[in-house]
Amino acid sequence: GSYNTQRYVGIFSPPEGTILHPFIAGGVYHNDGPFKSENNYNRYNLLAKFGLLSTANSNLSFLGTFFKTAWDASGELPARAVRSGEIGRFGSFDPSEGGKSERQNLSLLYNYTDANQSFNVQTWASWYTLQLWSNFTLFLNDEVNGDGIEQNDKRFLIGNNINYRRSYKLWGLPMETFVGFQSRFDHIRVGLFDQRERERLETRSNNLVRQTNLGWFAQQEIKPASWLRTQFGVRLDNFWYDVDQIGDPGSVSNPISGNGSASIINPKLNFIFTPFQDTDAIKGTNLFLNFGGGFHSNDARVFVQDPDEKIPRFWGGELGSKTRLFDRLDVTLAYWHSYLESELVFVGDEGTFEPAGPSNRHGIDSEFRYDILPWLSYDLDLSYTWAKFTNGDKVPLAPRFLAFTGITARHESGVQGRLQMRHVGSRYGIEDGSIKTPSATIFDLFLKYVWQRYEVFVEFQNLANTKWRSAEHVFESRLSTEPPGVGILDSHFTPGDPFTVKAGITVHFW
């Protein structure tokens with residue numbers, strides 16, 4: 001594809017009866033992007049699954065995945081510099097930005113199922129690293145070296161998931177009981193450093209974080225009538241966290257250490273109504289009402305730094321309907337509302353997020369799927385969201401209006417095509433609403449031909465070559481050409497891809 005895009009994927013999946021019944025898949029991806037300083041983005045993926053034991057009702061399997069990537073980045077550009085012509089949309093003030101990351105996952109899974117019950121167990125372990133070099137504010141804080149930062153995260157994770165589900169009748173009513181337990185332990189080394197051209201200059205914070213989460217849950221489903229299904233659930237979570245300072249606290253500009261714990265019990269309520277079972281035109285209608293809560297768990301260092309800060313709680317609910325009309329039109333409508341005790345807001349000069357107080361969000365989501373003809377279908381997704389802090393301020397960059405629509409054609413000859421549109425409406429950039437991000441509308445065309453063992457495709461993305469922003473934040477920065485010691489509040493963005501063409505072929509050997 002365009003900009004030296006290359007993707008190679010291979011999948012090996014022999015038929016049932018093969019020893020260990022392996023499923024092995026691997027992929028390599030490369031992309032340079034449209035930027036003046038090439039992305040040089042490389043990604044490697046590997047997945048392997050083996051069946052260790054299989055009977056009529058149970059199976060034991062092993063799953064392993066590997067992911068590794070590295071890239072160079074052009075960063076987020078101040079909008080004022082692009083408007084003045086000082087830099088092009090795809091230029092860069094600091095081409096040393098970028099990062100690298102990798103993750104390995106291992107899982108052992110056991111499943112047992114019969115006519116009335118199921119039992120599932122998963123034991124897993126994971127290794128993860130992320131090294132990210134950024135320069136958000138350019139020369140605001142350091143007029144000589146610039147404001148480059150390095151974010152480093154290395155962690156080992158291990159955990160278990162166990163659940164049991166049983167269906168039965170009690171007092172003549174169909175019921176289902178679902179219980180389970182989850183555990184997770186994180187051993188994390190996380191740090192923030194000043195850097196120039198990926199060379200460390202000073203340590204801001206460097207910590208060892210140990211986190212343990214144990215969760216128990218239970219759900220009871222009751223069907224008191226053929227048109228009503230109810231679910232009542234509860235979950236208990238316990239968190240323990242311990243933060244230690246790595247190295248001499250005197251050599252760190254922001255030493256952090258401490259420990260703590262938190263527990264919470266959350267309810268869950270679901271009601272599903274199917275009141276029109278005798279009406280052919282709308283017999284597929286479901287009305288639903290959901291309500292529940294949970295933790296919104298953030299960085300443990302936030303809570304040991306401020307003893308008054310607690311892991312914020314989240315409450316959410318949803319009311320909606322899902323129906324199929326005349327056996328060709330699917331419609332889903334939902335209204336939702338959520339309350340969060342502490343919202344996270346991006347801090348540009350730190351490259352991190354900080355708690356900014358409680359917020360309320362609510363919105364409307366809708367989905368439409370229409371089968372115009374047996375070979376022609378249309379789909380439309382629309383949503384609108386209102387997001388505010390409880391003091392009346394806007395939640396920066398919270399989505400407002402989103403739309404996704406397309407028409408798809410499939411011919412019996414093997415020819416397939418889809419024309420689609422993506423739209424992101426304007427958002428508030430900062431709390432007072434004085435800065436808004438621009439909206440964007442993007443059109444894509446996908447063509448595909450399937451013939452026997454071969455599939456050929458071509459994609460035309462951003463047909464109109466729209467200038468859009470794939471990421472955007474509002475904060476103060478300073479260009480090297482601007483007066484020292486003075487930051488300018490501005491929108492900073494990463495441009496989205498221009499008109500792009502991709503093409504490829506898939507061959508099924510067996």
Side-chain angles (χ1 to χ4, degrees), residues 99-105 124-134 136 141 147-160 181-195 200-216 235-266 293-314 340-359:
K100 58 183 180 180
S101 180
E102 64 179 86
R103 183 165 185 161
Q104 298 88 38
N105 303 303
W124 57 270
S126 181
W127 295 263
Y128 168 79
T129 64
L130 171 67
Q131 198 170 10
L132 191 64
W133 296 277
S134 308
F136 296 100
N141 302 311
D147 299 345
I149 59 172
E150 175 192 338
Q151 295 163 279
N152 215 331
D153 188 337
K154 296 181 179 180
R155 66 179 66 196
F156 169 73
L157 309 88
I158 190 169
N160 295 277
F181 168 76
Q182 291 181 320
S183 65
R184 170 171 166 168
F185 173 75
D186 292 44
H187 185 278
I188 310 166
R189 291 192 60 167
V190 59
L192 179 65
F193 311 89
D194 289 326
Q195 59 86 18
R200 290 183 185 177
L201 302 176
E202 182 180 345
T203 301
R204 297 197 193 181
S205 63
N206 196 14
N207 297 102
L208 172 63
V209 183
R210 292 177 289 269
Q211 297 180 170
T212 300
N213 171 218
L214 302 180
W216 295 262
R235 181 181 174 101
L236 168 64
D237 273 293
N238 299 105
F239 281 88
W240 294 269
Y241 46 90
D242 185 18
V243 180
D244 291 329
Q245 180 64 50
I246 297 177
D248 180 8
S251 63
V252 178
S253 60
N254 184 24
I256 305 170
S257 63
N259 58 70
S261 63
S263 299
I264 194 170
I265 297 177
N266 288 297
F295 262 144
H296 182 68
S297 52
N298 305 320
D299 192 330
R301 294 173 297 176
V302 173
F303 311 114
V304 301
Q305 281 183 291
D306 184 357
D308 296 326
E309 185 73 33
K310 62 179 182 178
I311 299 180
R313 192 163 190 166
F314 169 87
L340 183 59
E341 286 186 338
S342 182
E343 187 83 35
L344 290 178
V345 173
F346 184 73
V347 183
D349 57 354
E350 295 287 344
T352 58
F353 294 82
E354 67 179 10
S359 67

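All of these numbers come straight from a predicted model, not from anything done at the bench.
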Report task. In plain terms, say whether D194 and R200 are close enough for a salt bridge, that is, a side-chain N and a carboxylate O under 4.0 Å apart. Result -> no
Query - Charged N-O contact under 4.0 Å between R189 and D153 - result: no
Query raised in the report: Donor-acceptor pair, D242 side chain versus V209 backbone, under 3.5 Å?
Result: no
Query raised in the report: Any donor and acceptor pair, going by atom type alone, linking the side chain of S359 with main-chain N or O of E343 inside 3.5 Å?
Result: no
Query raised in the report: Would a line drawn from the ring center of F295 to the ring center of F314 be shorter than 6.0 Å?
Result: no
Query - Residues in side chain to side chain contact (heavy atoms under 4.5 Å, CB included) contact with N105, at least two apart in sequence or another chain - result: T65, R103, S126
**Report entry** Those residues that, when tested against S263, pass side chain to side chain contact (heavy atoms under 4.5 Å, CB included) (two or more places apart)
**Finding:** N238
Would you say that [X] contacts [Y] through its side chain, given a criterion of any heavy-atom pair below 4.5 Å between the two side chains?
X: F193; Y: N152; value: yes
X: I149; Y: R204; value: yes
X: N213; Y: Y241; value: no
X: I188; Y: K154; value: no
X: F185; Y: R210; value: yes

Report task. Identify the heavy atoms of I256 and S205 that sit nearest to each other, and give their distance. Result -> CD1-CB, 4.5 Å
Report task. Taking side chain to side chain donor-acceptor pair (under 3.5 Å) as the test, write out the residues that go with N259, two or more places apart. Result -> none
Report summary line: Contacts of S183 meeting side chain to side chain donor-acceptor pair (under 3.5 Å) (sequence neighbours excluded), chain-then-number -> N160
Report summary line: Rounded to the nearest 0.5 Å, the CG atom of L236 sits from the CZ atom of F181 at a distance of 10.5 Å
**Report entry** Gap separating the CD atom of E202 from the CD atom of E150, nearest 0.5 angstrom
**Finding:** 13.5 Å
Report summary line: Hits for salt bridge (Lys or Arg N to Asp or Glu O under 4.0 Å) against D237, two or more places apart or cross-chain, chain-then-number order -> R235
Query raised in the report: For R313, what residues pass the salt bridge (Lys or Arg N to Asp or Glu O under 4.0 Å) criterion, not counting sequence neighbours?
Result: none
